[in-house]
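All remarks here apply to the structure that follows.
Everything numeric in this text was worked out from a predicted model, so none of it was measured.
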Amino acid sequence: MAKFDTDWTDNIICPHCGYEDRDSWECGDGEETFETTCDRCGEEIDVVRHVSVSYSSKKLEAHND
């Protein structure tokens, strides 16, 4: 039985068949944890969405009004 890398990936990877869902961001209605069905093999899978937040800042430009 094949084992697929399914932890901390950029897209959902089916643990049953290894299919990579390239539209993963559309799954789960924004929920952190959800169930979905693999588009290739039809098996049900549990998914945890990991979200990382980062920020950027810069000085405001002077306005000459």
Give the minimum heavy-atom separation between [X] and [Y], together with the two atoms involved.
| X | Y | answer |
| --- | --- | --- |
| Arg40 | Gly18 | NH1-C, 4.4 Å |
| Cys14 | Phe4 | O-CD1, 3.9 Å |
| Thr6 | Thr9 | C-CG2, 4.0 Å |
| His50 | Trp8 | ND1-CH2, 3.2 Å |

Original post:
By side-chain contact (heavy atoms from CB on, under 4.5 Å), which residues pair with Ser24, not counting sequence neighbours?
Top reply: Asn11, Ile12, Asp21
Original post:
Of all residues at least two apart in sequence or in a different chain, which pass the side-chain contact (heavy atoms from CB on, under 4.5 Å) check with Glu44?
Top reply: Glu35, Thr37
**OP:** Test side chain to side chain contact (heavy atoms under 4.5 Å, CB included) on Asp29 and Phe34 and set out the steps.
**Re:** CA-CA 9 Å; Asp29 295 326; Phe34 57 93; over 6 Å; no
Original post:
Does Asp23 CG have over 12 foreign heavy atoms under 6.0 Å away?
Top reply: yes
**OP:** Might you confirm whether atom CD of Glu26 has over 12 heavy atoms from other residues, nucleotides or ligands at distances under 6.0 Å?
**Re:** yes
Original post:
Between the main-chain N or O of Cys27 and the side-chain N or O of Arg49, is there a donor-acceptor pair closer than 3.5 Å?
Top reply: yes
Can you list, pair by pair, the side-chain donor-acceptor contacts under 3.5 Å of residues 51-59, counting residues two or more places apart and other chains?
none

